[in-house]
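In what follows, chains carry the letters A, B, and so on, assigned in the order in which the sequence lines appear, proteins first and then strands, with residues in each chain numbered from 1. The structure displayed is predicted, hence computed values, not measured ones. Reckoned from all heavy atoms, side chains included, excluding hydrogens, waters and symmetry mates.
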Protein chains: 2
Amino acid sequence: MARVSSAQRRVELVQAALRVIDRDGVHGATTRAIVAEAHVPLATFHYVFRSRDELIRELIAYVVEQEGRAAEGTLQSATDIRSLLRTGLQAYFDLVVSEPNREQAMFELFHYALRTDELDDLPRLQYERYHRTAADLLAAAARQLEITWSVPLDELARLLVTFTDGLTLAWLADRHDAAAARTMDHAADFIARFANPPTEQINQGAHS
Amino acid sequence: MARVSSAQRRVELVQAALRVIDRDGVHGATTRAIVAEAHVPLATFHYVFRSRDELIRELIAYVVEQEGRAAEGTLQSATDIRSLLRTGLQAYFDLVVSEPNREQAMFELFHYALRTDELDDLPRLQYERYHRTAADLLAAAARQLEITWSVPLDELARLLVTFTDGLTLAWLADRHDAAAARTMDHAADFIARFANPPTEQINQGAHS
DNA sequence: ACACTTCTTGGTCAAGCGTCTAAGACGACC
DNA sequence: GGTCGTCTTAGACGCTTGACCAAGAAGTGT
């Protein structure tokens with residue numbers, strides 16, 4: 001086997017573990033399944049990781065960060081905030097539909113971390129990141145369409161994440177595409193209502 | 001050990017398993033942990049259940065049904081639909097706060113069933129029941145306040161479940177009570193907007 | 001050529017897992 | 001009181017799991 005730095009091996013194992021979890025769930029991600037997926041001997045695992053949970057911790061950080069980054073470039077252009085939101089939700093939903101196991105894995109990792117003493121600080125960080133990402137997107141949307149939000153950004157971001165979580169769970173359960181579309185319609189309507197259109201008076205007042 | 005019908009033993013084991021899952025998660029609910037909790041010998045398990053997954057199947061059915069029943073008596077009285085919805089959400093949320101592990105266990109069971117071939121019909125049934133319960137509550141609320149809903153009941157029920165799921169997940173992650181309260185405020189506002197107030201004209205038209 | 005750090009890896013360990021067997025005890029019925 | 005279906009239970013089975021050890025190979029600096 002090629003000689004590789006242990007930092008590099010860690011990355012390889014994390015990515016292999018992610019593929020295993022996609023396929024077989026967190027439960028199926030045993031040390032042996034992971035090293036088989038990565039094509040390395042079993043003993044390599046505990047050379048680079050102290051324990052299985054140490055890998056899971058690194059994996060969650062990796063995948064949450066990756067999901068946050070993926071959301072950044074998502075924002076498209078639109079003439080009104082409602083359709084901008086609706087399109088964004090659709091883009092997220094299309095991702096879920098195309099890779100259902102990925103989002104399922106995120107939930108499983110979340111619940112696994114909640115139950116594991118050494119990892120129970122991660123769920124908070126995971127949702128902090130989700131909320132921050134949502135807030136960034138909503139702020140960028142406001143900037144693009146020159147509107148302002150009538151409620152605090154944090155509050156709106158949390159609502160958006162509430163919608164995506166609930167939407168995803170129900171769809172994973174019944175795969176009801178049409179119902180999911182209706183939910184997204186309502187979610188877009190709902191959040192769009194918090195947009196204050198740019199009034200000339202306010203702008204004039206600011207400039208004069 | 002007292003001689004008991006196998007039907008009765010099944011119930012005992014299901015309830016013991018539920019306590020174990022509350023405490024240690026689905027992962028911790030091994031056959032040995034369950035029989036220890038129920039104070040019966042290990043061999044009893046496979047006398048009354050063909051397999052562990054057969055117990056899990058019965059447990060999910062039991063607990064989903066129980067949750068549905070619990071929701072029935074929840075509806076309180078109020079003068080307007082908005083506060084009725086807000087109070088109902090609060091009642092649900094108080095339950096989650098008082099027994100966080102219970103709701104966490106529901107999610108874990110959901111994801112476990114999704115990953116298990118013999119159980120993969122259960123998530124659909126689980127959410128059917130949730131949606132039906134939500135629809136029943138919304139219908140009862142409409143009856144009580146003599147309003148009608150401006151969108152199909154199924155659609156509204158799904159939205160309500162979307163909110164409760166998303167609300168619960170975020171709270172389990174960060175235990176942010178105030179943020180959860182804001183989310184419930186918005187959810188109540190949102191759904192209340194779909195209420196058509198009873199117009200005298202309609203009533204008169206129906207009676208004359 | 002030498003020492004020294006870093007990486008590789010076959011083999012092994014104890015613990016825990018779901019499941020099954022087979023022998024016996026109980027209690028209702030004839 | 002004997003028979004027969006139902007329930008009880010100790011013990012064992014084969015297998016998987018996370019973790020560890022110790023020996024050696026590969027590369028690096030002197």
Exercise. Give every residue pair that meets the ring pair (Phe, Tyr, Trp, His ring centres under 6.0 Å) criterion with at least one member in residues 172-198 of chain B, sequence neighbours excluded.
Key: A:His186-B:Phe194, A:Phe190-B:Phe190, A:Phe194-B:His186, B:Phe163-B:Phe190, B:Phe190-B:Phe194
Exercise. Would you mind telling me which residue lines up with the more 5' stretch of DNA chain D, B:Ala2 or A:Phe45, judged by nearest nucleotide?
Key: B:Ala2
Quiz item: So, for A:Phe107 and A:Phe110, is the gap between ring centers shorter than 6.0 Å?
Solution: no
Quiz item: Between which nucleotides of DNA chain C, 5' to 3', does chain A make heavy-atom contacts below 4.0 Å?
Solution: C:dT6 to C:dG10
Self-check item: Electrostatic pair B:Glu72:B:Arg69 at N-O distance under 4.0 angstrom
Solution: no
Quiz item: Any donor-acceptor pair under 3.5 Å linking the side chain of B:Thr164 with the backbone of B:Val161?
Solution: yes
Quiz item: Among pairs that include at least one residue of residues 122-137 of chain B, which meet salt bridge (Lys or Arg N to Asp or Glu O under 4.0 Å), considering only residues two or more places apart or in two chains?
Solution: B:Glu65-B:Arg129
Quiz item: Over how many whole Å does the gap from A:Ile56 atom CD1 to D:dT17 atom C1' extend?
Solution: 14 Å
Quiz prompt | Residues in side-chain contact (heavy atoms from CB on, under 4.5 Å) contact with A:Gln15, at least two apart in sequence or another chain | solution = A:Val11, A:Arg19, A:Tyr62
Practice problem: Using a strict cut-off of less than 4.0 Å between a Lys/Arg side-chain nitrogen and an Asp/Glu carboxylate oxygen, indicate whether A:Arg10 and A:Glu54 qualify as a salt bridge. | Solution: yes
Quiz prompt | Residues in side-chain contact (heavy atoms from CB on, under 4.5 Å) contact with A:Ala78, at least two apart in sequence or another chain | solution = A:Ser83, A:Leu84
Practice problem: Keeping to residues at least two apart or across chains, list the salt bridge (Lys or Arg N to Asp or Glu O under 4.0 Å) pairs with something in residues 159-168 of chain B. | Solution: none
Practice problem: Return the residues of residues 6-34 of chain A meeting this criterion: a heavy atom under 4.0 Å from some atom of DNA chain C. Order them by number, or give none. | Solution: A:Ser6, A:Arg9
Practice problem: Mind checking A:Val4 for me? I need base, sugar-phosphate or nothing, with any heavy atom below 4.0 Å counting as a touch. | Solution: sugar-phosphate
Quiz prompt | Spacing of A:Leu55 atom CG relative to D:dA19 atom P, expressed in whole Å | solution = 11 Å
Quiz item: When you measure from the side chain of A:Thr116 to the backbone N and O of A:Ala113, does any donor-acceptor pair fall under 3.5 Å?
Solution: no
Practice problem: Just grab all the salt bridge (Lys or Arg N to Asp or Glu O under 4.0 Å) pairs involving residues 146-162 of chain B, residues at least two apart or on different chains. | Solution: A:Asp174-B:Arg158, A:Arg182-B:Glu155
Self-check item: Within 6.0 Å of NE2 in B:His27, more than 12 heavy atoms from elsewhere
Solution: no
Quiz item: Are B:Arg115 and A:Glu108 ion-paired here, with the side-chain N under 4.0 Å from a carboxylate O?
Solution: yes
Quiz prompt | Summary of ring pair (Phe, Tyr, Trp, His ring centres under 6.0 Å) pairs that have at least one residue in residues 67-102 of chain A, sequence neighbours excluded | solution = A:Phe93-A:Trp171
Quiz prompt | Protein-nucleotide distance (B:Met1, atom CE; D:dT9, atom P), rounded to Å | solution = 6 Å
Quiz item: Where does the angle between the aromatic ring planes of B:Tyr130 and B:Tyr127 fall among parallel (under 30°), tilted (30 to 60°) and perpendicular (over 60°)?
Solution: perpendicular
Could you list, one pair per line, each protein nitrogen or oxygen that sits under 3.5 Å from a nitrogen or oxygen of nucleotides 1-4 of chain D, together with the distance?
none

Interface polar pairs with nucleotides 20-30 of chain D, N/O, under 3.5 angstrom:
unit_1, atom_1, unit_2, atom_2, d
D:dA26, N3, A:Arg3, NH2, 3.2

Quiz item: What does the inter-axis angle of the helix from C:dA1-D:dT30 to C:dC30-D:dG1 come out as, five pairs per end, nearest 10 degrees?
Solution: 10°
